[in-house]
Amino acid sequence: MKLLKNGKNILKPEITNISEHGFWIYLKGKEYFLSFNEYPWFKDAKISSITDVELIRGHHLYWPKLDVDLTTEILENPENYPLTYK
């Protein structure tokens, strides 16, 4: 059997639900909740903009339509990254 050449990552992040309070993203076997209060860039975004997310280098999430990028470290330890602005 011949193995295929390394290519694009097929483990794509998935937006599993969107509510009036935020949205859930499933990534690498874990689900994270991103509150609109803590991540205000997504609050007034279209659903199509939120669901258009790319995983870069296995740890970097990028929303091209919104020009927002977050690392998985931010999702794992949000207390270390005060993202809220006034």
Side-chain angles (χ1 to χ4, degrees):
M1 180 169 92
K2 199 172 191 182
L3 297 176
L4 297 175
K5 229 179 171 182
N6 286 343
K8 290 185 178 181
N9 185 351
I10 59 170
L11 296 175
K12 213 179 153 189
E14 180 184 353
I15 306 303
T16 58
N17 194 9
I18 300 175
S19 77
E20 63 185 278
H21 304 288
F23 65 95
W24 289 261
I25 185 167
Y26 184 77
L27 176 65
K28 296 182 178 183
K30 295 182 181 178
E31 194 167 40
Y32 304 94
F33 178 69
L34 281 75
S35 163
F36 292 141
N37 288 334
E38 294 178 25
Y39 301 92
W41 314 283
F42 299 104
K43 185 174 185 170
D44 295 320
K46 293 180 180 180
I47 292 173
S48 61
S49 297
I50 293 174
T51 58
D52 182 20
V53 58
E54 302 170 5
L55 181 63
I56 302 169
R57 290 185 291 282
H59 64 87
H60 185 102
L61 293 163
Y62 179 60
W63 285 263
K65 293 177 183 174
L66 302 171
D67 195 26
V68 173
D69 55 317
L70 301 170
T71 64
T72 53
E73 171 66 21
I74 292 170
L75 299 180
E76 291 281 340
N77 302 297
E79 66 279 357
N80 296 336
Y81 302 90
L83 297 173
T84 308
Y85 64 87
K86 303 287 180 193

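Closest approach of E76 and K30 over heavy atoms only: OE2-NZ, 3.1 Å. Annotation for E31 and W24: closest pair OE2-CB, 3.7 Å, computed over non-hydrogen atoms. For the pair P13 and E54, the tightest heavy-atom approach, listed with the atom from each and the gap, is CG-C, 4.2 Å. Residues W63 and L70 come closest through the heavy atom pair CZ3-CD1, 3.9 Å. Here the closest non-hydrogen pair linking L34 and F42 is CD2-CE1, 4.1 Å. Taking each heavy atom of F36 and F23 in turn, the nearest pair found is CE2-CD2, 3.9 Å.
Heavy-atom neighbours of E79 CD from other residues, nucleotides or ligands within 6.0 Å: above the threshold of 12.
Considering only heavy atoms from C-beta on, I25 stays 4.5 Å or farther from F33 through its side chain. At a threshold of 4.5 Å between non-hydrogen side-chain atoms, the residues L55 and L61 count as touching. Side-chain atoms of Y39 and I74, non-hydrogen and from C-beta on, do get closer than 4.5 Å to each other.
Note that OG1 of T72 is 7.0 Å distant from CG of L27, once rounded to the nearest 0.5 Å.
In the hydrophobic clustering of this structure, L66 does not group with Y62; members are Ile, Leu, Val, Met, Phe, Trp, Tyr whose side-chain heavy atoms approach within less than 4.5 Å, directly or through other members. Under the 4.5 Å side-chain heavy-atom criterion for Ile, Leu, Val, Met, Phe, Trp and Tyr, W41 and L75 are members of the same hydrophobic cluster.
In this structure a side-chain-to-backbone donor-acceptor pair under 3.5 Å is missing from K65 to A45.
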